[in-house]
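Step one of this worksheet: look at the structure below.
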Amino acid sequence: MDCGSLTSISKRETVMAMAIGLSLVASLVGSTCGCHFSAIYALGDSNSDTGSVSATFGRVPPPYGETFFGRPSGRYSDGRLIIDFIADELKLPFLNAYLDAIESIYSHGANFAASGSTIQPADSKLVGAGFNPLSLDIQLLQFEQLKERTNELYGQDISITDRLSRPEEFSKALYMLDCGQNDLHYGLVTTTEEQVKASVPNIISQLTVAIKKLYQNGARIFWMHNTGPIGCLPIFVINSPPKPGNADQAGCIKSYNEVAQEFNKQLKDRVSQLRAKLLDARLIYVDIYSAKYSLISEANKHGFVGPFMNCCGQYGYYHVECGKASVVNGTEIFGPSCSDPSKHISWDGIHYTEAANHWVANKILDGSLSDPPVPITRPKESQPDPSCQLPKNKLILLCCLTEHTSTSNLLAFFARKRLLQLPGRTLILVQTSISMDGARPGIRISRRWKTASAWASRKNVKTFAIAAFFAVAFSLFLLSAKQRSVGQFNGCDFPAIFNFGDSNSDTGGKSAAFGRIPLPNGNTFFHKPAGRYCDGKLIIDFIAEKLGLPYLGAYLDSIIANFQHGANFATAGSTIQSLDARMFKQGFSPISLDVQLLQFQQFKERINELYKEGLNSNIKSKLARPEDFSRALYTFDIGQNDLSAAFKSMTEKQAVQSVPGIINQLAQAVKRLHHQGARTFWIHNTSPIGCLPYQVLDYPPQTENMDQNGCIRSHNEVAQEFNRQLKERVSQLRMQLPDAVLTYVDIYSAKYSLISEAKKHGFANPLTYCCGHYRDILCWRKKIVNGTEILGTSCGNPSAYISWDGIHYSHAANLWVANKALDGLFSDPSTPITEACHMPLRL
């Protein structure tokens, strides 16, 4: 292709090149804004969630997103949110949700906001009432992990760091907070209005702690929304109409709004106090309440219908949520959207429409409702900041997006457009090869070349581009040769693995969502935290090695996401049973098996959508192909936490009685995956839970209840009953799903064999563990004992221990078990994992 002649460019390539070129040039030479933010970091609830809850707990369904995006976009609105209009105003891309690993790029910030979240840390009462466990304290842990891992990764791998902010950008970013509405919502539906007001100081104090933590992490500019007029939400006004004398002039519940106003008064006072303490920070208090109430009070004047008429879903006589179906008097009723969302303020009774969000954004972004009254583009000061002006050596980025680029003609084209007449400036050329035919794998080459005189360096640019092409092409050749050699002994040639489970196979899901697992976890093999509750690799890692595939990336770990060869939906603490308040209080994960299935379903749907739309080669190289889902291996390792939860709350007899229901839910999960196209299953039974050191410490067995290894006999008998019923159900599933291959793997026997002969295999006492001290000082945690701080450190030689931390197995033990289990010695049928796709012979 000749970039100097536009007639030789296809229509599609022209649009791509012009769109990217114009946006880059405009962003660099078109503005002299008061302060150019390179990134935004948002924390909050559904008012600013752009996809975290959707990615984590199940996709937000249509008609959400229909107005602007044309499909669900993870937002609880028909289109854009205020955070999207803020990004527009600052000339930045829309923020990707931190927990949404598909397509996400964080070079311009990240969104940690999660629908249903609160400022108060989530407890069993909040979760039981339907609020989100991803509360503000968890969002802060997510931010700290993103920053920490960015610092670690930066400079190691260009393909990764191009997706992340530079470390120095964190102190220059805008930090936006929009939360508090759910704290008030919870209080209003569970306590009295006076009790809610009494709780406000504590809520504000916790928000203050969050701001200080962000400040300690380098944040300096804060844009803080107060809470909206909660008494005007249709869900309250319609479901709990205001009593006589408690309706204001707009028809809202006056007392509810007074609670919100008290929250806002105390928030504004606290922000003023923080300004006096954080002298080098800039804190902008934004009166969202007044903007929204102004719109609600004069809805007709501004072209909207009545403010209590939501566009999507039904409230009142019967309740049907937006985008969902409900059976009313024997008839299924769907919650559709109205014909013209732009005429409505409320989208679904709780959240605002895109039109309303746009109206409110226009009111607040100019600073007229802020304290101090400065626009969002100039939060530092009222006059333009010289430090934000375009520097003399500002880099100009030029692109040509095909593989047949003529560098000379490219330069000539931009010269004719007068884009090179910037004396004294640096020019960067980026040459990229993009496969336009959808072939797999797509090859993308992207390298930068800096020169003070572009014209004098054309030969250097050509030489660099050619060298880069051959270097990358040769590397890809070697990689493909290696993959071919691996595939020669892989009988089934699985293109991908999709795993479901708990901490026995979690490679980073819990760590990404709820706070990074620190060292010494990961030290033996990865030499850094790797999201695993282990000193090294798990059995799922050895499965990947056995099949010649890369280690599985956790679905929720968006920082270094690559799902070309599968995804891991397992999260530590997960159960087969759906989580309830009791189990959450006991410390189990909200990402139970049913939620993991929703994640998988969304993952598959979005990949199919992206392939239909013609995704670029860079994204394609990080995702499984649609046809891979039916050829992949589906692995399960879950159930241990269900038994652990039972032992905490019921008798052993009751625990046994609960097993059929648990097994039935696991069988339903297998059937749902089969319905989604899964055909090959590798299902682990549960481990000898009575041999876990922590279990023995928690429930010291009487002599008559202790087996020859010191394990709790009765607990192991419950596990064996679970496994007996699981094996029977797998046999039934083979009859029900005749085109599927299901392998039952007796992990229990493999692990118990190791425990029984620990010394023979070179391990220490199986009831001791390597990391942590005693029952109350967990691995990597600190505790004050008799006035002395004790750290739960690692032993000197983890390879001598079966148990890593009292609950999880060590790298060495996992390796031993994997070597026994993966060759089919403990499988039914007795098939090695490399042959698990083959239907066994039935005589």
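On a predicted model such as this, the values are computed, not experimentally measured, just so you know. Start at 1 with the first residue, then count along the sequence.
- Between H808 and D805, the side chains place a donor N or O and an acceptor N or O closer than 3.5 Å (distance only, hydrogens not considered).
- At distances below 3.5 Å, not a single donor-acceptor pair connects side-chain atoms of R729 with backbone N or O atoms of K727.
- Side-chain atoms of N151 come within 3.5 Å of backbone atoms of K147 as a donor-acceptor pair (strictly under, hydrogens ignored).
- One finds a salt bridge joining D541 and R532 here, because a Lys/Arg side-chain nitrogen approaches an Asp/Glu carboxylate oxygen to under 4.0 Å.
- Considering CG of L815 and CZ of F525, their distance stands at 11.0 Å, rounded to 0.5 Å.
- For the atom pair OG of S503 and CD of Q640, the computed distance is 6.5 Å after rounding to the nearest 0.5 Å.
- Heavy-atom minimum distance, A544 versus P550: CB-O, 3.5 Å.
- Using a 4.5 Å cut-off on side-chain heavy atoms (C-beta onward), Y744 and S827 make no contact.
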Q: Let me see the working for R679 and D739 under salt bridge (Lys or Arg N to Asp or Glu O under 4.0 Å), right down to the final yes or no.
A: CA-CA 7 Å; R679 290 298 179 268; D739 59 341; 2.9 Å; yes
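- A parallel orientation is assigned to the rings of F170 and Y41, their planes being inclined by less than 30° (bins at 30° and 60°).
- Proximity of F629 to F603: side-chain heavy atoms (C-beta onward) are separated by under 4.5 Å at one or more points.
- Taking CZ of F563 as the start and CG of N568 as the end, the distance is 9.5 Å to the nearest 0.5 Å.
- Applying the salt bridge (Lys or Arg N to Asp or Glu O under 4.0 Å) rule to E148 yields the partners R516; only residues at least two apart in sequence or on another chain are considered.
- For the pair D557 and R149, the salt-bridge criterion is met [side-chain N within less than 4.0 Å of a carboxylate O].
- Side-chain contact between S753 and W816: present, with at least one pair of heavy atoms (C-beta onward) separated by less than 4.5 Å.
- Aromatic ring orientation, F542 versus H811: perpendicular (interplanar angle above 60°, classes split at 30° and 60°).
- No close placement of the Y555 and F498 rings is indicated, their centers lying 6.0 Å or farther apart.
- Using a distance-only test at 3.5 Å, with no hydrogens or angles considered, a donor-acceptor pair links the side chain of D628 to the main chain of R625.
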Q: For the pair D637 and S505, evaluate side chain to side chain donor-acceptor pair (under 3.5 Å) and give the outcome as yes or no after the intermediate values.
A: CA-CA 7 Å; D637 192 334; S505 58; 5.2 Å; no
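- A donor-acceptor pair is defined here as one N or O able to donate and one able to accept, closer than 3.5 Å; no such pair exists between the side chain of D506 and the backbone of D502.
- Side-chain atoms of K620 and Q564 include no donor-acceptor pair closer than 3.5 Å.
- With sequence neighbours excluded, no residue forms a ring pair (Phe, Tyr, Trp, His ring centres under 6.0 Å) with Y801.
- Note on ring orientation: taking the six-membered ring where Trp is involved, the planes of F112 and Y98 are tilted (angle from 30° to 60°).
- Shortest non-hydrogen contact noted between L95 and A42 is CD1-CB, 3.9 Å.
- A perpendicular orientation is assigned to the rings of W682 and H684, their planes being inclined by more than 60° (bins at 30° and 60°).
- Counting only distance, with no hydrogens or angles, the side chain of D642 and the backbone of Q577 share a donor-acceptor pair below 3.5 Å.
- Judged purely by atom type and a 3.5 angstrom limit, Q596 uses its side chain to pair as donor or acceptor with the backbone of I591.
- Counting all heavy atoms, side chain and backbone alike, L666 lies closest to I576 at N-CG2, 3.7 Å.
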Q.
T50 vs N111, test: side chain to side chain donor-acceptor pair (under 3.5 Å). Steps then yes/no.
A. CA-CA 7 Å; T50 55; N111 195 346; 3.1 Å; yes
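- Between E545 and K537 a salt bridge is recorded (basic side-chain N to carboxylate O distance below 4.0 Å).
- Partners of E609 under the salt bridge (Lys or Arg N to Asp or Glu O under 4.0 Å) rule, at least two apart in sequence or in another chain, are R59, R71.
- With a 4.5 Å cut-off on side-chain heavy atoms, V745 and I683 do not count as touching.
- In this structure, L164 CG and S107 OG are separated by 8.0 Å, a value rounded to the nearest 0.5 Å.
- In this structure, the side chain of R163 engages the main chain of I559 through a donor-acceptor pair within 3.5 Å.
- The pair E169-R166 meets the salt-bridge criterion, since a charged nitrogen lies less than 4.0 angstrom from a carboxylate oxygen.
- Side-chain atoms of N504 and I539, non-hydrogen and from C-beta on, never get closer than 4.5 Å to each other.
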Q: Decide side chain to side chain donor-acceptor pair (under 3.5 Å) for T571 and S574; before the verdict, give the C-alpha distance in whole Å, the side-chain angles of both, and the deciding distance to 0.1 Å.
A: CA-CA 6 Å; T571 56; S574 292; 2.4 Å; yes
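- The side-chain heavy atoms of Y809 and L692, taken from C-beta on, include a pair separated by under 4.5 Å.
- The closest side-chain donor-acceptor pair between T575 and N641, if any, does not fall under 3.5 angstrom.
- The closest side-chain heavy-atom distance from Q599 to L556 is below 4.5 Å.
- For N521 (side chain) and D535 (main-chain N/O), no donor-acceptor pair under 3.5 Å exists by modelled atom type.
- When all heavy atoms are compared, the tightest approach of A740 to H674 is CB-CD2, 3.9 Å.
- Proximity of the aromatic rings of F69 and Y64 is defined here by a centroid distance below 6.0 angstrom, and this criterion is not met.
- A distance of 10.0 Å separates CG of N132 from CD1 of I138, quoted to the nearest 0.5 Å.
- Of all the heavy atoms in S687 and A719, the pair that sits closest is O-CB, 3.7 Å.
- Not one N or O on the side chain of Q142 forms a donor-acceptor pair closer than 3.5 Å with the backbone of F514.
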Q | side chain to side chain donor-acceptor pair (under 3.5 Å) between Y106 and S558, worked out | A | CA-CA 9 Å; Y106 303 118; S558 58; 2.9 Å; yes
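- Centroid-to-centroid, the aromatic rings of H108 and F94 stay 6.0 Å apart or farther.
- Using a distance-only test at 3.5 Å, with no hydrogens or angles considered, a donor-acceptor pair links the side chain of D49 to the main chain of S115.
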Q) Yes or no on ring-ring contact (aromatic ring centres under 6.0 Å, His included) for F569 and Y634, after CA distance, side-chain angles and deciding distance? A) CA-CA 11 Å; F569 302 91; Y634 290 79; 9.2 Å; no
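- Within 6.0 Å of NZ in K820 there are 12 or fewer heavy atoms belonging to other residues, nucleotides or ligands.
- Atoms CG and CD1, from N723 and I747 in turn, are 10.5 Å apart once rounded to the nearest 0.5 Å.
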Q. Y551 and T507: side-chain contact (heavy atoms from CB on, under 4.5 Å), yes or no, with the steps?
A. CA-CA 9 Å; Y551 300 137; T507 56; over 6 Å; no
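- For the residue pair A624 and Y611, the shortest heavy atom distance occurs at O-CE1, 3.7 Å.
- Between S794 and C779 there is no side-chain heavy-atom pair separated by less than 4.5 Å.
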